Amino acid sequence: MIKQILLITDGCSNVGIDPVVAAAQAKEEQIIVNVVGVLDQGDIGEMGAQEIKQIAHAGGGMSSIVSTHQLAQTVQMMTRKTVMGTIQHVVHKELKKSFGTEHLQQLPIDKRAKAVEVMENMTESIPIQVALLIDSSASMKSKLPSVKEAIADLCISLQSRMGEGKLCVFHYPGLNRVDDVKLSLDWTDQVQHVYPLFNKLSMRGTTPTGPAILHVIDYMISSNHITAPALKGGQIQIEDSIS
Amino acid sequence: MNTQSNQKMDITIGATVQGQWNKNKYVLMEKLGEGANGQVYLVKSKQRKLAMKIAYDPVDLQSEVNTLAALQKHQDPSYIFDVDDFSFQHKLYSFYVMPYFKGISITEYVNQNGSSWLYVIGAHILKQLVSIHNKGYVFGDLKMSNVIVDQHGKCQVIDYGGATEKGKAVKQFTDIYDRAYWGEGSRVADEHFDVFAMSMLMIQTMNPNGLEKAAKMLPQHRNIDMLRKIVLQAQSYDHLKPWVIKGITQSFTSSLEAKQYWHQLMKRTSSKAPISSLHGWWLYPAFISAILMFLTSVYYLLW
Ligand SMILES: Nc1ncnc2c1ncn2[C@@H]1O[C@H](COP(=O)(O)OP(=O)(O)OP(=O)(O)O)[C@@H](O)[C@H]1O
Ligand SMILES: [Mg+2]
């Protein structure tokens, strides 16, 4: 199972625990954190850009700052790379066991073909959970239609795979102060559930990114919607098929 | 991991490179193009001109090679000549070598040679799609830059990076050709996915401005009715319109049926070749030979 938190934000956090620390905690729980910084005009600012990079780094994921019209593509690409990356990691371990090297290019071409075939089959069938965490502070208002489009697009792609794929959506800040983050869409693989998102949303000024990440980690750990064998090197019999 | 992977390639034109496994040597002559997965070069090997695709990521390259190998199993002329890695300035690059296709894009070809040629081009594309579908695969990333038309109007579909086994999720696609982008279904690889993309390719040729405007709309406004309107607004290509409408509404039962219907439309048009609006055309030998060439192509494709 691949668990990913995908944070979409347009600036700096300003309340609560440091989001970099929260992201490190996610990684500890085998949840990868990717971050997209989104802007329409103007700049995300030096501070924001730094923070985005650091959150992703701590969360074992990747980051990118893009304009609204690149958002859907970026979300797709990050999810695909996260899946490929995790699987490559497992496959590399197996390659190392079987061939003493983990570099594809050190394998003879015919062995390589098999290794990549195994990788692709796993990519197609491994269960995926994506929790989208959407910054809905006031400055994000104009960007929410693009965010929704990107989520719908991701949903269609997850649904098109053979393996299970589900997403859920959180936004923050929530309405009351204590309630830092709000679940806007529970686990689903149905794109029609995505369309009503954010329709009545009151935007607020604070950006408690760190607390929001912690909340989503708890939620992902406690929800057992997808039950499937975990991705552990020992359980996947690729050794025989490669060598 | 980093999103800006290592999308830099410092390769010099004129250099000779040698594969580390098969030891074949290639001179890099010219850069033919580049895309999301890598760069393609015109290369020379033993006096032969070939095309070499060099990948940013060896996994992506191997994936494409696997697909080509699977398709080639039951195919006549070979498409992959070599698969290997070369090192250049201390960096290792994975590549494969394929035939070099000299040509231009569909739009350019039709602009230079007349709109009737679109019928010939479309028939060539459909023939290739049907053949891929018969082998259990879907092409996936059909788009303008992945079709090369040669001087005879014959065209070649290139870039198998998106080709996917039927039933799996399409590996690579481009938004305006993707039916899901228009709210018309999933990204599960099936024959309709390619026929839809082909229809979009036709719309792009028939009414490029209309399509460009529609593609920029918000998702809730992007839909099939809008596409239908763009088709009907196209200035020419009246004979093609019913085919395109069937393609975007996914009402063919298979790509084979789509191909057969295309041929029916072609027979109707080829009876009034591309002569219509020209006066004194008989004065131009080049024009006559162009018409002959057109009719030969049509004849060749239909029988
Ligand atoms: N065999 C060939 N002969 C001539 N030109 C070619 C050939 N293969 C590729 N090209 C040129 O190189 C360009 C890039 O090739 P290709 O589409 O395979 O790369 P890519 O990285 O997979 O691109 P994409 O972003 O479309 O997935 C093509 O658009 C075409 O112009
Ligand atoms: Mg490609």
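A, B, ... follow the sequence lines: proteins, then strands. Residue 1 opens every chain. The model shown is predicted, which means the values in this text are computed figures rather than measured ones.
A salt bridge does not link E120(A) to K168(B): none of the charged side-chain nitrogens sits closer than 4.0 Å to a carboxylate oxygen. Salt bridge annotation for R179(B)-D190(B): present, with a cationic side-chain nitrogen under 4.0 angstrom from a carboxylate oxygen.
Neither the backbone nor the side chain of Y96(B) comes within less than 4.5 Å of any heavy atom in chain A. For E117(A), the parts lying under 4.5 angstrom from a heavy atom of chain B are both the backbone and the side chain. For chain A, the nearby part of Q20(B) is the side chain; its heavy atoms alone come within less than 4.5 Å. At a 4.5 Å heavy-atom cutoff, the contact between Q105(A) and chain B is made by backbone and side-chain atoms alike. Q76(A) touches chain B through its side chain: at least one heavy atom from C-beta onward sits under 4.5 Å away, while N, CA, C and O do not. Within the 4.5 angstrom heavy-atom criterion, atoms from both the backbone and the side chain of V59(B) approach chain A.
When N34(A), V191(A), I156(A) are compared by the number of non-hydrogen pairs under 4.5 Å with chain B, I156(A) comes out ahead. Considering only heavy-atom pairs separated by less than 4.5 Å from chain A, the leading option among A169(B), P58(B), G167(B) is A169(B). Looking only at heavy-atom pairs under 4.5 Å with chain B, the residue among H69(A), M84(A), Q73(A), M162(A) that has the most is M162(A).
The backbone N or O of M144(B) lies less than 3.5 Å from a partner atom in the side chain of Y177(B), making a donor-acceptor pair.
Test L167(A), T123(A), V83(A) against I128(A) for side-chain contact (heavy atoms from CB on, under 4.5 Å) and you get one pass: V83(A).
K148(A) and N199(A) form a side-chain donor-acceptor contact under 3.5 Å, judged by distance and modelled atom types alone.
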Margin query: I'd like to know whether D85(B) forms a salt bridge (charged side-chain N to carboxylate O under 4.0 Å, His left out) with R112(A), so could you lay out the CA-CA distance, the side-chain angles of the two residues, the decisive distance to 0.1 Å, and finally the verdict.
Written below: CA-CA 12 Å; D85(B) 325 297; R112(A) 221 180 273 188; 2.8 Å; yes
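In this structure, the ring of Y137(B) has its center no less than 6.0 angstrom from the ring center of Y160(B).
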